[in-house]
Protein chains: 4
Amino acid sequence: MAPAARPDTATLLVSCPDRRGIVAALAQVLHGHGANILESDQHTDREARLFFQRIHFDCEGLLSDRLTLERAIGEVGERLSMTWRLAWSDHVKRMAIFVSRTDHCLYDLLLRHQAGELPCEIPVIVSNHPDFERVARQFEIPYRHVPVDAKNKREQEQRELALLREERIDLVVLARYMQVLSEEFLTGLGRPVINIHHSFLPAFSGGKPYHQAYERGVKLIGATAHYATADLDEGPIIEQDVIRASHRHGIDELVRKGRDVERSVLSRAVRWHLEDRVLVYGNKTVVFG
Amino acid sequence: MAPAARPDTATLLVSCPDRRGIVAALAQVLHGHGANILESDQHTDREARLFFQRIHFDCEGLLSDRLTLERAIGEVGERLSMTWRLAWSDHVKRMAIFVSRTDHCLYDLLLRHQAGELPCEIPVIVSNHPDFERVARQFEIPYRHVPVDAKNKREQEQRELALLREERIDLVVLARYMQVLSEEFLTGLGRPVINIHHSFLPAFSGGKPYHQAYERGVKLIGATAHYATADLDEGPIIEQDVIRASHRHGIDELVRKGRDVERSVLSRAVRWHLEDRVLVYGNKTVVFG
Amino acid sequence: MAPAARPDTATLLVSCPDRRGIVAALAQVLHGHGANILESDQHTDREARLFFQRIHFDCEGLLSDRLTLERAIGEVGERLSMTWRLAWSDHVKRMAIFVSRTDHCLYDLLLRHQAGELPCEIPVIVSNHPDFERVARQFEIPYRHVPVDAKNKREQEQRELALLREERIDLVVLARYMQVLSEEFLTGLGRPVINIHHSFLPAFSGGKPYHQAYERGVKLIGATAHYATADLDEGPIIEQDVIRASHRHGIDELVRKGRDVERSVLSRAVRWHLEDRVLVYGNKTVVFG
Amino acid sequence: MAPAARPDTATLLVSCPDRRGIVAALAQVLHGHGANILESDQHTDREARLFFQRIHFDCEGLLSDRLTLERAIGEVGERLSMTWRLAWSDHVKRMAIFVSRTDHCLYDLLLRHQAGELPCEIPVIVSNHPDFERVARQFEIPYRHVPVDAKNKREQEQRELALLREERIDLVVLARYMQVLSEEFLTGLGRPVINIHHSFLPAFSGGKPYHQAYERGVKLIGATAHYATADLDEGPIIEQDVIRASHRHGIDELVRKGRDVERSVLSRAVRWHLEDRVLVYGNKTVVFG
């Protein structure tokens, strides 16, 4: 069940070089068109001299049509050298989930979606294994099995790309998908991809992070949700969390404990993205709470 | 050592009935007077139909004098039925600490002040016991011993009031002060008083909360920083936190563990108050992070 | 899927008046019968002068049969006035889940069970509503709809009792079951019942805890898993946890945030119970980690 | 103030190859000599096939003298190829604190010591800077200023070694001491050294961890207390913790927030060491809670 669309609001995300008067200029243009600001949050990176703002506003009393408002924002944007993005709440984002053979993140996303916590549609689940077709069916979501091996990888990525385009996907979530996506795929997709890495990055990047954590004898294990980039495990971090471990925990138990933190970290990151709370700059994110 | 004054900024705290255009009106008046908004945060309580905003702005390029700006804000305020407060960063708040016979909260406040974490002056420490005079001396702060018993309480509170007025105190912090302050004192003072209660209120209000927690067998113990009101333990909550306990912990160990959470909760609440991040309404607070 | 039985271990839970030599006496009797101690944990409540111990041991090299070992423990137990319980790991506990109309705790238990985290069988789900029959079917667990109203309550509880007896249930878990169980039911059942209360007890006991929390303006919301007793919300606490809230969260959002902490607190409490880690005494628990 | 000595208890720490009957053998020898076991905790590393145990026992009813008991333990130890250590609670450990130019960890240790939380004596504070002599004087602890530069390092380390030997130091704590200790020093000392690293190791090892964390855009910052070894930042980890950060926090604020987690992590690690709760094996620790 997709959550009830909230047809009368929109969210503006803005970044630009810092200067005086940005807040006033944006408040003015929105107010002038009859938009009522419901939430507003801003951040200035003083070192990088960059300004960021998220404005969530009510469109019920809009005095003009959307196009006119967008054009007006565009004019302010040009004057202030802004990068900006306007998301209307009646455009529900379309999210594809990729999964391999562990289902805890998949279930967490599906259950939260069902409970109305994730404002999106999920038109497809893609997997390189057939294991979770039954789960997909329970939630009435099409399941596409796209087996990948060393030989067919490029070809299969092209199939996936075609599928994602056909489904007009806005966001791909790798819910413990154990295939590395090629740079060609990421570029071809041109849409954000969120990945969950099962460690507190940058600690234990690469494969088998729980084995690494066990060997090093750490007292906390973590998980990191980040945007996927061609540099594996190096993309902008959206959210991280940890859970306490001790000498008592063998690798199996670290894996079990880790599932809890992985699923909650990934779901938070996905929700924030869907609510247009995340701005990327350089290799970092601004997450408006 | 008082932290370096930040002479060129100010913070505006506003609450008013919710309606359209408040954000734009305030942004406009500030921008029009040459103020540059550094941080802005807002909140709407939709049930109570109240609007709250905190705006932290740079005054360096102010085009008018402060009085003119205040008058302009006052006009907007009147139009929008606002309650508002403007704090100039070169007015350093003056904080008095009250303490009885446990020193962990006292030390935490003094050390953070010394490290520049608390933007205030501490002109006096007041205690109903002589125990911590030596501590006060180490930090070069005057220590006033005002013994209180059942008979002299009213008289001693009057002495304290006179002292606090003389020192032009803006804020009183009860850092584990074990005397109940009378309504007469609180009214007479007319300044905010922050108290630390050693439980997760409303659980275990009243005396001996760690004994109560031990008897009930809870698995977490907590602390609550709140504004003091005549209704003991019932004032608006600013901050709370908890720490894990178990069957292993006797009352002494709960007390020991509790010290860590008490001191950090109190210091956070005090810092937020000093940074003009807290707005009280009804029996609640808005804390802008 | 029930987790792989671990046929060769057992867990001994013991409580008795504190005195010298208990540890040695138990170690001796186990060692003498060829049991190899894998884990051992103990606790002394010095005020109550009570001793508690949990011993998890390997039975592979047992020199006698089980009955002989039980008799030997029984003799030590009698000598030391012990209450004791011996759980063989090949006796898999049988757990019934009661649920009303919110499914997050139900799903969490079912998914963890499926992942092998909960060492039990789940022969039946009981509900006063028909809503989750489909969920039960997905996990291939029988679903019994037992509607309850003011008039038929006693009669329906008798039906439930009969059902639980027939299914030889060892543990009942109330996974957000919104009916108060009568003392007659609890006594008639004679088996432990674990409930999840959606607040940090003793704060906000009774109904609508999130509404109460919202009214009081607390900065953390919590959940408490406890054994059910005839005194509602007063039974021995097994586990508690909290999650941070703020002025931004309306009641709906407190409810949403609360789901995460409810499900994890309940699942931990259930797992600990199933692993024979929990001892009740008075109105408290010892939970061996 | 040193905490009241607890003269009638002792703690036995044991590690050995795993085999049957170790628990029984130790319980037997202690019981046979009249020791009453107050706490006992054990751990088996099944991969490494190693057994660890900590036994805290009451010596009031000891039937023999200490030497006889030690000899008896020694015999069991030899039979089972044990490494063991027996700490009598009336031997109060002597701890030296090394510090450079930040005082939060120093103060935290001194205040906890004063509050009776750390069972040790602190006969000396050593620093390569004169800054905190006044702090040492407040707590009535001798302060030794040993300036170190590239040229005199070896010579100064020799002075420090002589001093530590003279003071019969059992433990050195590096409370933000910014000099790398040479392998020669560590070997010469032959006593444990606990260091606090201001990151969640292995992330951000090396210098300026907060700058690294800021650059990488992590959402949590951490601290790690570990035993110092010649491989900087590679020694066995005793304790770690993290604190939430966001895009709002510049490097200065990460440093400020980090102080809280550094001091609490270091103090916990030191307390556990002083209470004989930590066993090192390979590059890991077992910490008995």
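Throughout, a chain's letter reflects where its sequence line sits, starting with A, and its residues are numbered from 1. Basis for what follows: all heavy atoms, side chains included, without hydrogens, waters or symmetry-related copies.
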Side chain, backbone, both or neither: which part of Thr44(C) has an atom under 4.5 Å from a heavy atom of chain B? neither
Judged by atom type as modelled, is there a donor-acceptor pair below 3.5 Å linking the side chain of His247(C) to the main-chain atoms of His43(B)? no
Contact part of Tyr214(B) toward chain C, heavy-atom cut-off under 4.5 Å: side chain, backbone, both or neither? both
Under a 4.5 Å cutoff for heavy-atom pairs, which residue among Ile238(B), Ile251(B), Val286(B) has the most contacts with chain C? Val286(B)
Using a 4.5 Å cut-off on heavy atoms from C-beta on, say whether the side chain of Arg216(B) contacts that of Asn283(C). yes
Is the side chain of Lys284(C) donor-acceptor paired with the backbone N or O of Val218(B) at a distance under 3.5 Å, no angle test? no
Is a salt bridge present between Asp45(C) and Arg248(B), judged by a nitrogen-to-oxygen distance below 4.0 Å? no
Given heavy-atom pairs under 4.5 angstrom as the criterion, report whether the side chain, backbone, both or neither of Glu47(B) touches chain C. side chain
Highest number of heavy-atom pairs under 4.5 Å with chain B among Leu201(C), Thr285(C), Ile237(C), Asp241(C) belongs to Ile237(C)
Honestly, the part of Arg244(B) sitting under 4.5 Å from a heavy atom of chain C is side chain
What's the verdict on side chain to side chain donor-acceptor pair (under 3.5 Å) for Lys219(B) and Thr224(C), showing C-alpha distance, side-chain angles and the deciding distance? CA-CA 9 Å; Lys219(B) 302 300 185 186; Thr224(C) 303; over 6 Å; no
Within a strict 4.5 Å, meaning less than it, do heavy atoms of the Gln240(C) and Val242(B) side chains meet? no
Count the heavy atoms belonging to other residues, nucleotides or ligands that lie under 6.0 Å from CD of Glu253(C), then report whether that count exceeds 12. yes
